[in-house]
Number of protein chains: 2
Amino acid sequence: MNQDSTLGKTPKTARGQKTREKLLRAAELEFGESGFHSVGINDITRRAGVALGTFYVYFESKEEIFRALVGYMSQRVRSWIAERLVDVPDRLAAEQRGLELFLEFVREHKGLYRIISEAEFVAHDAFVAHYTAFAGAYRENLEAAGRRGEIGAGNYEVWSWAIMGMAVFLGLRFAEWDDEAHPKEISTAVMDLIASGMGAKGS
Amino acid sequence: MNQDSTLGKTPKTARGQKTREKLLRAAELEFGESGFHSVGINDITRRAGVALGTFYVYFESKEEIFRALVGYMSQRVRSWIAERLVDVPDRLAAEQRGLELFLEFVREHKGLYRIISEAEFVAHDAFVAHYTAFAGAYRENLEAAGRRGEIGAGNYEVWSWAIMGMAVFLGLRFAEWDDEAHPKEISTAVMDLIASGMGAKGS
DNA sequence: ATGAAACATGAATCAAGATTCAACTTTGGG
DNA sequence: CCCAAAGTTGAATCTTGATTCATGTTTCAT
């Protein structure tokens, strides 16, 4: 229908660009703090420092800006982690470091984390897209590591979803609810579980 | 304040009891299918086959009935699984069977599953209570198994959250989104991961 | 059998908040 | 410098849907 999928709402001017960004930033904070249904458009515009009507110059609806945010930050988490995961020796190390990074990210961006979670109900398609993409990438990493012999054979599709789930719940418990524990402790504990299993060990 | 915490809304009659249950059952279906915010009180009453006003005879508000539902089903999942987990030989077997049961439960009760998830945003305290209770029980199981020497030492608090997260995400992917895969395949794949780790094995 | 307590009803009320709009201001290319 | 396009404004409009309430019906303990 439309080249930009944003129905001609794309700003043409520097000023417009700036305003749109102010709205996005404000929405990120508001949604992150209070959740989709308790924030009103006027909360967003007030925080952005623009008038109510301005909102509709750039967005079709409240749902659209939320959806935009989900896409935006789905991008962010993944690239933020990927960037810092370059010089890691092998898959197991990547696993551990990746979890630490994820926990750190959540602590610094609780709002974004909540936005993705809430997307399950507010923008289900965006939610599906996010985790599908994430799991897909993850699975490829596992397969590559498998070919390199760094990890054993297994059902990598299942593994990738299992590991994502772990990360999300640990983020909930040890980043969103409780800031105290050191990420390294968590990641180490998880590595005990994932690397060699819970079967009785030497200790 | 009140003996029953339900502000005198508790039914005194057999008829009342029945009506309240009809409402609860209807709400379970509606919330499960459409999510908290898109169901109206009249959707619930229509489905229950009672008049709109009747709702407020038994519940203070839409949120209250949702909260009641969360508690109700938090109970249900746990006991449903626990009941069927009696004659299991050891912790590892319990782990595998428990996951299968969870997946089966989700398939049969997708609505209830969604209700608990959505509680994170609609009834945060009930959500916290549910997972706190679940994790607590889980942790005790792990500790007991640890004392019996069935599993190795580890940070059981972290493990229990990790395993819950796995279960929830696998439920999302392989029960809510996709009914096809056999639960046993999933649980087996996970056992590979959890029992002996992803480190390279014989195969 | 009977009347007070319980329960049921659904039209009317009310609040909240999303969206529209017509008037006004700024920008930037020519 | 000039004006059409782009952007801004916020009061007014419109929907939606939760909650109330006055009235009628049923239950059940006495």
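On a predicted model such as this, the values are computed, not experimentally measured, just so you know. Per chain, numbering begins at 1; letters A, B, ... match sequence-line order.
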request  = List for me each residue that meets side chain to side chain contact (heavy atoms under 4.5 Å, CB included) alongside A/Thr54, sequence neighbours excluded, and say none if there are none.
outcome  = A/Thr19, A/Val50, A/Ala51, A/Tyr58
message = How many whole angstroms separate atom CD of B/Glu60 from atom C1' of D/dT20?
response = 12 Å
request  = State which residues pass side-chain hydrogen bond (donor to acceptor under 3.5 Å, both in side chains) with A/Arg67; sequence neighbours excluded, sorted by chain then number.
outcome  = A/Glu63, A/Asp125
Dump the pairs, protein N or O against N or O of nucleotides 8-11 of chain D, anything under 3.5 Å, distances to one decimal.
{"residue": "D/dT8", "atom": "OP1", "partner": "A/Thr19", "partner atom": "OG1", "Å": "2.7"}
{"residue": "D/dT8", "atom": "OP2", "partner": "A/Tyr58", "partner atom": "OH", "Å": "2.7"}
{"residue": "D/dT9", "atom": "OP2", "partner": "A/Ala51", "partner atom": "N", "Å": "2.8"}
{"residue": "D/dT9", "atom": "OP2", "partner": "A/Thr54", "partner atom": "OG1", "Å": "3.2"}
{"residue": "D/dG10", "atom": "N7", "partner": "A/Gly53", "partner atom": "N", "Å": "2.9"}

query = Quick one: A/Lys18 NZ to D/dA6 C1', roughly how many Å, whole number?
reply = 15 Å
task = Using a strict 4.0 Å threshold on nitrogen-to-oxygen distance, state whether A/Arg91 and A/Glu143 make a salt bridge.
result = no
query = After noting the C-alpha distance and the side-chain angles of A/Asp178 and A/Arg107, does the key distance pass the salt bridge (Lys or Arg N to Asp or Glu O under 4.0 Å) rule?
reply = CA-CA 9 Å; A/Asp178 170 13; A/Arg107 284 185 183 180; 5.9 Å; no
task = Could you identify which residues of residues 34-43 of chain A place a heavy atom less than 4.0 Å from some atom of DNA chain D, listed by residue number, or say none?
result = none
request  = Tell me, please, which residues at least two apart from A/Tyr56 pass side-chain hydrogen bond (donor to acceptor under 3.5 Å, both in side chains).
outcome  = none
key: Parallel, tilted or perpendicular: rings of A/Trp159 and A/Tyr156 (30°, 60°)   = perpendicular
inquiry  = Under the rule for side chain to side chain contact (heavy atoms under 4.5 Å, CB included), what residues qualify as partners of B/Asn155, not counting sequence neighbours?
reply    = A/Ala189, B/Glu157, B/Val158
remark   = Residue set satisfying side chain to side chain contact (heavy atoms under 4.5 Å, CB included) with B/Val77, at least two apart, ordered chain then number -> B/Met73, B/Ile81, B/Phe102, B/Phe105, B/Ile116
message = Whether B/Lys9 engages the ring of B/Phe59 as a cation-pi pair (distance to the six-membered ring centre under 6.0 angstrom, angle to the ring normal within 45°) should be assessed.
response = no
request  = Compute the angle between the rotation axes at the two ends of the helix from C/dA1-D/dT30 to C/dG30-D/dC1, each taken over five pairs, rounded to 10 degrees.
outcome  = 10°
ask   = Within the structure, does a side-chain N or O atom of B/Tyr56 lie under 4.0 Å from either OP1 or OP2 of D/dT19?
value = yes
message = Check whether B/Trp80 forms a cation-pi arrangement with B/Arg84 (NZ or CZ under 6.0 Å from the six-membered ring centre, at most 45° off the ring normal).
response = yes
message = So, using salt bridge (Lys or Arg N to Asp or Glu O under 4.0 Å) as the criterion, who are the partners of B/Arg114 when residues are at least two apart?
response = B/Glu176
query = Taking any atom under 4.0 angstrom from a heavy atom of chain A, which nucleotides of DNA chain C are the first and last to qualify, 5' to 3'?
reply = C/dA18 to C/dG28
request  = Apply salt bridge (Lys or Arg N to Asp or Glu O under 4.0 Å) to B/Glu30 and list each qualifying residue two or more places apart in sequence or on a separate chain.
outcome  = B/Arg47
request  = May I ask you to evaluate whether A/Thr13 reaches the phosphate of D/dG7, defined as a side-chain N or O under 4.0 Å from OP1 or OP2?
outcome  = yes
query = For B/Arg148, what residues pass the side-chain hydrogen bond (donor to acceptor under 3.5 Å, both in side chains) criterion, not counting sequence neighbours?
reply = B/Glu150
query = For B/Ala14 and B/Lys62, take the nucleotide of DNA chain D holding the closest heavy atom to each; which residue's nucleotide lies nearer the 5' end?
reply = B/Lys62
